[in-house]
Protein chains: 2
Amino acid sequence: MTQEQYSKYSFLLDRTARKVKQYAQQQFKSGDFDVTVDQWLVMKNLSENDALSQTELANLVFKDHPTLTRIIDLLCKKGYVERVPHPQDRRSFQLHLTETGVSKVVSLRPEIHNIREKAWENLSPNDFDEFKRILDTIYQNLNGESLEQ
Amino acid sequence: MTQEQYSKYSFLLDRTARKVKQYAQQQFKSGDFDVTVDQWLVMKNLSENDALSQTELANLVFKDHPTLTRIIDLLCKKGYVERVPHPQDRRSFQLHLTETGVSKVVSLRPEIHNIREKAWENLSPNDFDEFKRILDTIYQNLNGESLEQ
DNA sequence: TACCAATAGTTAGTGTGACAAATATATAAA
DNA sequence: TTTATATATTTGTCACACTAACTATTGGTA
């Protein structure tokens with residue numbers, strides 16, 4: 001394997017990830033879901049874990065704080081999420097889905113599963129295992145680098 | 001494999017791709033490369049194919065036209081790329097690297113290979129083949145969908 | 001108590017990605 | 001020639017990623 005190849009694999013990874021996101025976003029749009037792919041990810045996690053702080057949620061979805069702040073802003077505007085002041089710590093909020101937000105998650109969940117399925121056609125169960133193992137290896141190779149410096 | 005899993009794999013793919021890009025960008029920054037990861041991709045392709053039009057280049061790097069226009073704008077400002085009017089077609093340009101751009105590519109190429117290599121540690125040659133096959137399968141599953149509608 | 005470091009979250013700036021619409025030019029058809 | 005259609009690029013808008021800088025608050029420590 002020549003060094004040149006490493007850049008090609010990085011490119012391929014980026015290209016495919018963008019395609020997967022773009023495809024999902026197009027389907028979200030044509031289905032009038034009223035949320036983006038990333039907004040959905042946030043709502044889904046909130047539906048499974050109530051009263052998270054923004055920092056806890058950011059760690060769950062692997063987004064940085066400024067990005068999450070804006071996504072939460074948008075979801076609040078849309079009426080799907082509320083920031084509730086933390087009873088003890090005035091710096092932080094407890095996030096939770098509104099009634100509207102909960103029913104949105106319930107109604108979208110099965111549709112989104114169908115959309116996500118499309119990407120994984122023509123792959124075997126073993127392929128999924130391999131794929132996950134390789135992605136995790138790559139992630140770990142690059143993670144924690146900042147601690148070593 | 002339950003339906004729920006498909007979303008998890010999509011998430012894992014997105015997370016890893018972002019990590020790979022973020023790691024490279026951090027290294028670019030700490031090395032004072034004066035270009036971003038995507039700007040580098042564009043310059044590398046221009047160094048291998050001179051006098052491309054923006055459309056041809058966009059197809060090579062899988063970016064849409066507005067995105068490429070803005071990346072080229074930035075590279076022109078930095079003095080690495082020039083737009084030369086096409087001799088026959090006044091709508092389009094022939095892109096080429098300036099002298100400065102060429103020497104930038106020459107000097108950065110080996111450093112970037114080292115950076116890219118880091119992501120692929122602890123993986124076997126067979127893993128690379130599998131990874132490429134799976135990524136290509138996913139891409140093809142979602143590509144051309146717009147033609148079928 | 002007063003100070004100080006750490007933490008939670010926001011804001012600002014830049015770059016990128018996707019999409020729609022606009023402009024200019026080229027090419028083909030009537 | 002005029003019209004219609006296609007192509008190349010740009011502009012505008014919204015969303016997301018990352019960095020750096022900032023505010024407010026907390027908690028420990030002198």
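Throughout, protein chains are lettered first and strands after them, A, B, ... in sequence-line order, and every chain is numbered starting at 1. The structure presented is a predicted model; accordingly, all values stated were derived computationally and were not measured.
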### Query
Can you name the nearest heavy-atom pair linking B/Asp34 to B/Tyr80, along with the distance?
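Shortest heavy-atom contact: OD2-OH, 2.5 Å.
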### Task
Indicate whether OP1 or OP2 belonging to D/dT10 is found under 4.0 Å from a side-chain N or O atom of B/Arg83.
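True: B/Arg83 side-chain N/O within range (under 4.0 Å) of D/dT10 OP1/OP2.
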### Message
Can you see if the side chain of B/Gln54 gets near the phosphate of D/dT9 - specifically, an N or O under 4.0 Å from OP1 or OP2?
### Response
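Checking D/dT9 against B/Gln54, no side-chain N or O comes under 4.0 Å of OP1 or OP2.
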### Query
Is there a side-chain contact between A/Arg83 and A/Leu95, using heavy atoms and a 4.5 Å cut-off?
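In contact.
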### Message
Is any side-chain heavy atom of A/Val81 closer than 4.5 Å to one of A/Val42?
### Response
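Sidechains of A/Val81 and A/Val42: no contact.
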Charged N-O contact under 4.0 Å between [X] and [Y]:
X        : Y        : answer
B/Asp136 : B/Lys132 : yes
A/Arg109 : A/Glu48  : yes
B/Asp73  : B/Lys77  : no
B/Asp38  : B/Arg70  : no

#### Entry: Residue pair A/Trp40, A/Phe33: steps toward the ring-ring contact (aromatic ring centres under 6.0 Å, His included) verdict
CA-CA 9 Å; A/Trp40 163 254; A/Phe33 288 5; 8.2 Å; no
### Message
Between B/Asp50 and B/His96 (side chain of the first, backbone of the second, donor and acceptor by atom type, cut-off under 3.5 Å), is there such a pair?
### Response
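No, because the side chain of B/Asp50 does not come within donor-acceptor range (under 3.5 Å) of the backbone of B/His96.
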Write down the distance between [atom1] ([X]) and [atom2] ([N]), rounded to a whole number of angstrom.
X       : N      : atom1 : atom2 : result
B/Asn59 : D/dT9  : CG    : C1'   : 14 Å
B/Gln25 : D/dT19 : CD    : C1'   : 10 Å
A/His86 : D/dA24 : NE2   : C1'   : 16 Å
B/Lys29 : D/dT19 : NZ    : P     : 7 Å
B/Gln22 : D/dT19 : CD    : C1'   : 10 Å
A/Asp34 : D/dA15 : CG    : C1'   : 14 Å
A/Arg90 : D/dT23 : CZ    : P     : 18 Å

Below 3.5 Å is the cut-off: list the nitrogen or oxygen pairs between protein and nucleotides 1-7 of chain D, distance only.
{"from": "D/dT7", "atom 1": "O2", "to": "B/Arg91", "atom 2": "NH1", "distance (Å)": "2.6"}

### Message
Please classify the nucleic acid contact of A/Gln88 as base, sugar-phosphate, or nothing, using heavy-atom distances under 4.0 Å.
### Response
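Sugar-phosphate: the residue A/Gln88, judged by heavy atoms under 4.0 Å, touches backbone atoms but no base.
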### Query
Among side-chain atoms of B/Asn143 and A/Tyr23, is any donor-acceptor pair under 3.5 angstrom?
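No, no side-chain donor-acceptor contact under 3.5 Å.
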### Query
Using a heavy-atom distance cut-off of less than 4.0 Å, which residues of residues 61-77 of chain A contact DNA chain D?
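Close to the strand are A/Lys63, A/Asp64, A/Pro66, A/Thr67, A/Arg70, A/Ile71, A/Leu74.
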### Task
Kindly compute the distance separating CD (B/Gln54) from OG1 (B/Thr69), expressed to the nearest 0.5 Å.
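If I round to the nearest 0.5 Å, the distance is 4.5 Å.
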### Query
5'-most contact on DNA chain D: B/Glu56 or A/Lys21, nearest heavy atom basis?
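The 5'-side residue here is B/Glu56.
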### Query
If you check every side-chain atom of B/Thr55, which of D/dT10, D/dA15, D/dA8 has the closest atom?
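Shortest atom-to-atom distance from the side chain points to D/dA8.
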### Task
Quick one: do A/Phe131 and B/Tyr9 satisfy ring-ring contact (aromatic ring centres under 6.0 Å, His included)? Show the steps, please.
CA-CA 9 Å; A/Phe131 192 55; B/Tyr9 283 103; 7.1 Å; no
### Query
On DNA chain C, which is the earliest and which the latest nucleotide, 5' to 3', with an atom closer than 4.0 Å to a heavy atom of chain B?
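That gives a stretch of C/dG15 to C/dA26.
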### Task
Report the residue (A/Lys19 or A/Gln94) whose heavy-atom-nearest nucleotide on DNA chain C is the more 5′ of the two.
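Looking at DNA chain C, the more 5' nearest nucleotide goes with A/Gln94.
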